[in-house]
Amino acid sequence: MLLALGLTYLSCLAFAISLKRHFHQLFSSHRLFRKHTFIFKSLGWILLALSINASVQLYGFATGLVVLCGLFSAAAFLIALLLPYSPRTIIGIGSSSLVLIFIWFI
Amino acid sequence: MKSGFRQSMSWVHTWGGLVVGWILFFIFLTGTLGYFDTEIDRWMKPELSSANASLTQSLRVAEARLQQQAPGAKRWFISPPTNRDNPQLRIFWEMPGEDGKRGIIGNELLDSFTGEPVTARATGGGRALYEMHYALHYLPSTLAYWIVGICSMFMLVAIITGVIIHKKIFKDFFTFRPKKGQRSWLDMHNLLSVIALPFHLMITYSGLIFFVFTYMPLVITSSYGTGADAQEKFFDELFSETEKVQPANLPANLSSLSNMATMAETHWGSNQIRYIDISYPGDANTRVSIGRNLHSPLRASPEFIFNGATGELLNNKAALTSAPRAVRDVLLGLHEGLFADLGLRWLYFFSGLIGTAMIAAGLILWVTKRRPQQLSKSQGPDFGHRLVESLNIGMILGLPLAIAAYFWANRLLDVNFSARSEWEMHILFITLLVVAFYPFTRSRLVKQTFINTIQLSWIELLWILSFAYGFLPLLNTITTERSVFKSITTHDWLFISFDIIFFVTSVIAGLTARKMQKNLQQRVHPSVNSSNIKSISRQELTQ
Amino acid sequence: MLIFKINTAMKQQTDQHYRWKIIGRVTLAIIGGYILTNLTSILIYFLLPLPKSDAVMTAMLLSFSIYTGVVIWVFSMRSLRSVFWMMASVIFLMSVVILTLQFFRRLGI
C-alpha cells in the first residue's frame with residue numbers, strides 16, 4: 001500500500017510541476033519551457049500507471065482501482081495544501097519516497 | 001434564463017446547493033462516521049471484550065440460544081465472529097406471522113464463549129449514527145428516505161453543474177491560495193470537490209440507487225402491474241429467488257451447522273463465513289445458506305445452500321446472476337465499502353471527510369461572497385442572509401459538537417438508566433438545536449453588530465468544540481476501565497485511535513479558533529500585534 | 001414624483017415577474033423532470049431486448065442520469081415558454097408511444 005501511495009504522490013507531484021504556477025512555487029529560480037511541461041506531464045502519467053499497476057497487483061482489479069482513487073485524493077490534498085505553505089516539504093517528501101521506492105525494489 | 005449557459009448552471013449550482021447544503025452536511029458527516037460504525041459501537045460499549053471463541057464454539061452456543069429464544073421460527077440468522085465487517089457473534093430471528101404480516105423479530109449480541117447475551121450498556125452506538133445518514137431521526141422512515149433522496153438528487157445536479165462551471169478544472173487542480181478571503185474559500189471548495197470527484201459522484205449516484213425502488217416505482221408498475229405482489233415478483237426475478245422454501249410442517253432436527261460450515265471453509269479458506277441463514281429451522285424442509293465474506297466491491301457473495309435436516313449440499317449459488325443486478329451490486333458495494341480492509345476503510349473515511357468539508361466550504365463561500373453587500377445595507381443584513389449565517393454555524397459547528405455530546409452522554413449517563421440509548425440521541429439533537437440558536441441568543445444578550453456576533457459565535461463555539469473533544473480521552477479514563485495508559489500498554493489500537501482522533505479534532509478546532517481571533521483583532525485594530533497587545537485594554541478589543 | 005412611483009412600481013413588477021419565472025423553471029425541472037424521467041425509463045424498459053427484471057433494473061439504473069440531464073436542459077434554455085412546450089410535447093408523444101406498446105404487449109404481439 002505504501003508503495004502505491006509513494007508512486008501516486010510522485011505522480012501528482014509531476015503533474016503539479018508541469019503546471020506553471022506551481023512550478024514557480026516550487027522552483028522559483030528556474031524558467032519553465034514547453035518541453036519541460038511535456039516531460040513532467042508524461043512523467044506524471046507514467047508514475048500514475050505504475051501506481052495503478054502496484055495497487056491492482058496487491059488488491060485485485062476492482063479493489064485496486066478503488067484503493068488508488070483514495071490514494072490519489074490523499075496525495076493531491078497533501079500537495080495542494082503544502083504548496084502555498086511550505087513547498088520545500090513537498091520536495092522533501094518526494095525525494096524520500098523516491099529513495100524508499102528504490103530501496104523497496106532492491 | 002440568465003445570459004449564458006455557464007451563468008445558468010452557476011445559478012443552479014449555487015442555489016440548489018444552498019437549499020439542501022445543511023442536510024447534505026448532516027448526511028455526509030454521519031455517513032462518513034458510518035464507515036467505522038462497528039468500531040464506534042465498540043468504543044461506546046467499553047465493557048465488551050474483543051476476544052472471540054472458535055467458529056465451532058460460536059455456532060454451537062448460537063444455535064442453543066436460538067433454540068431457547070425462538071423455537072419454531074420462520075428464520076434464524078447467525079453472523080459469526082468471522083464476519084470481517086462485524087467481528088462479534090450476533091443472532092437474529094423472525095417468527096412466523098399471521099395473515100401475511102411479519103412475525104415478531106428479535107436480535108441479540110452474544111458472548112461467543114458462553115452463548116449468553118452480552119451485558120453492555122444500552123446504546124445506539126455507531127450503528128445509530130450510520131442509520132441516521134439515510135433514515136434521519138424522529139421521522140417515519142419513508143419520509144426520511146424521500147427527504148434524503150431529494151437532497152441526493154440535488155447533490156447529483158450540483159456535482160454535474162459544478163463540473164460544468166469549473167472552467168480551469170485541470171489547470172487549477174492543485175490551486176489553493178490562502179488568506180485571500182472569498183477567493184480562498186472558492187479555491188478550497190473547488191480543491192475538495194475535484195480531488196475526490198470519482199468518490200463524490202459514486203457516493204451520490206449509488207446512494208440514490210439504494211432506494212431506487214422507492215423513488216421510481218412507476219417503472220415497476222408499468223411492467224409488473226399494480227398488484228400487491230408486483231414488487232415482490234420483480235424482486236424474486238431480479239435476485240433469482242426462484243425456489244422459495246415452503247415448510248413441510250414435519251419436525252426434523254437441524255443437522256450439524258459446524259459440518260456445513262467446515263464444508264464451506266474447505267472451499268473458501270478459513271475465516272470466510274459472513275453469515276448463516278436458516279429458513280424454517282426444525283422443519284423437514286429447512287434450508288441453510290452460508291455466505292462468504294466480501295472481497296470486492298460486488299456486494300453479493302457466493303452461497304452454499306444445504307438441506308438443513310440432512311446436511312446435504314444442494315446448491316453452490318454464484319454471486320453474479322445478471323449484468324444489471326451486478327451493476328447495482330457493485331454500486332451499492334462501493335458505497336458501503338463493506339469489502340474494504342482497514343487501510344482502505346481509512347481512505348473511505350478520509351474521502352468522506354473531504355466531501356463533508358467540501359459542503360461546508362461551499363456554504364461558507366456562499367455567505368462570504370454576499371457579506372460585503374449585505375453588511376452595507378441600511379437596515380443590516382436581510383433575514384435570509386442572517387438565517388444562512390446562523391444555520392451554517394448550527395450545522396457546521398453544531399453537528400460535530402452534537403456528536404461530541406453524544407459521546408459524552410454515552411460515558412456519563414447511568415448504565416442502568418433504561419432509556420439511555422434514546423436519551424443519548426436526544427442529547428445529540430438538543431445540542432444541535434442549542435448551537436443553531438446560539439448566534440440569535442447571543443445577540444439578545446450582548447448587543448453587538450451582526451458581523452461581530454457571527455464571528456464571535458464562530459470563535460467561541462470552536463473553543464467549546466476544542467474542549468469537548470480534547471476532554472474526551474480524559475473522560476474516558478475517568479469513567480471507564482479503558483484509560484489512555486491501559487490502552488497503550490495493552491495495544492488496544494481501537495481505543496488509541498479514538499483518542500488520537502479526538503485529540504487531532506480538538507487541536508484543529510483550537511487552532512482555527514485562535515486564527516479567527518487573530519484575524520478579528522487585526523481587522524478591528526490593525527495596529528495591534530503580538531508586541532503591543534498586552535497594553536491595549538480588553539474592552540477596546542471586543543468593541 | 002409620479003415618474004418615480006411608476007418606476008418603482010415597474011421594478012416591483014419585474015421583480016415579481018422574475019420570481020414567477022424562477023418558480024416556473026424550478027417546477028418544470030423538478031416535477032416535469034420527474035415525469036419525463038419516468039416515461040423515458042419506461043420506454044427504455046420496453047425497448048431493451050433483455051429479460052423483464054433485467055430491463056427494469058437497467059432502466060432504473062439509468063433514471064437518475066436522465067433526470068440530471070433533463071434538469072440541466074430545463075435550465076439551459078433561454079425561453080421558459082419554449083422549454084414548457086417542448087417538454088409538454090415530448091411527454092405527450094412518449095405517453096402515446098408507451099400506451100401503444102402496452103396495448104400491443106397485452107394483445108400478445
Side-chain angles (χ1 to χ4, degrees), chain A residues 1-6 8-26 32 37 40-41 44-45 48 51-52 54-56 58-87 89-90 94, chain B residues 35 168-180 183-184 187-203 206 294-299 320 326 329-331 333-355 357-358:
Chain A
M1 159 92 75
L2 283 176
L3 172 70
L5 176 61
T8 323
Y9 177 86
L10 288 170
S11 155
C12 274
L13 182 56
F15 279 125
I17 295 178
S18 72
L19 293 167
K20 196 179 190 184
R21 175 190 291 137
H22 302 306
F23 183 83
H24 287 306
Q25 278 177 305
L26 291 166
L32 182 66
T37 316
F40 282 118
K41 272 209 163 73
W45 283 112
L48 188 63
S51 61
I52 293 178
S55 187
V56 165
L58 194 58
Y59 291 103
F61 184 65
T63 313
L65 284 179
V66 177
V67 169
L68 192 82
C69 282
L71 289 177
F72 194 81
S73 304
F77 186 65
L78 190 62
I79 291 181
L81 236 49
L82 285 176
L83 270 171
Y85 291 115
S86 65
T89 322
I90 301 181
Chain B
Y35 282 122
K168 297 189 283 178
I169 198 163
F170 290 111
K171 268 223 172 104
D172 282 355
F173 194 81
F174 296 101
T175 303
F176 173 56
R177 292 160 290 193
K179 299 194 179 71
K180 288 210 168 109
R183 177 111 297 247
S184 309
D187 280 348
M188 184 50 89
H189 180 72
N190 290 347
L191 178 71
L192 293 169
S193 336
V194 174
I195 57 176
L197 192 56
F199 174 79
H200 299 321
L201 208 51
M202 177 277 293
I203 218 85
S206 55
L294 298 172
H295 291 281
S296 79
L298 188 68
R299 199 176 173 243
L320 268 173
D329 280 346
V330 168
L331 279 174
L334 282 173
H335 187 106
E336 290 185 317
L338 289 174
F339 69 98
D341 66 353
L342 191 62
L344 182 54
R345 205 105 59 79
W346 274 105
L347 284 175
Y348 262 106
F349 181 71
F350 181 65
S351 304
L353 286 180
I354 288 183
M358 160 187 75

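Residue numbers begin at 1 in each chain, while the letters A, B, ... track the order of the sequences. All of these numbers come straight from a predicted model, not from anything done at the bench.
- Looking at B:Leu192, the atoms closer than 4.5 Å to chain A (heavy atoms on both sides) all sit in the side chain, from C-beta outward.
- Interface residue B:Met188: only side-chain heavy atoms are found under 4.5 Å from chain A.
- Chain A forms the most heavy-atom pairs under 4.5 Å with one residue out of B:Pro297, B:Ser351, B:Ala196, B:Ser296, and that residue is B:Pro297.
- With sequence neighbours excluded, the residues satisfying side-chain contact (heavy atoms from CB on, under 4.5 Å) with B:Leu197 are B:Ile159, B:Val163.
- If you measure heavy-atom distances from A:Tyr85 to chain B, the contacts under 4.5 Å come from the side chain alone.
- A heavy-atom distance below 4.5 Å is not found between the side chains of B:Phe176 and A:Leu83.
- Residues that satisfy the ring-ring contact (aromatic ring centres under 6.0 Å, His included) test with B:Phe199, not counting sequence neighbours, are absent from this structure.
- Using a 4.5 Å cut-off on side-chain heavy atoms (C-beta onward), A:Tyr59 and A:Leu68 make no contact.
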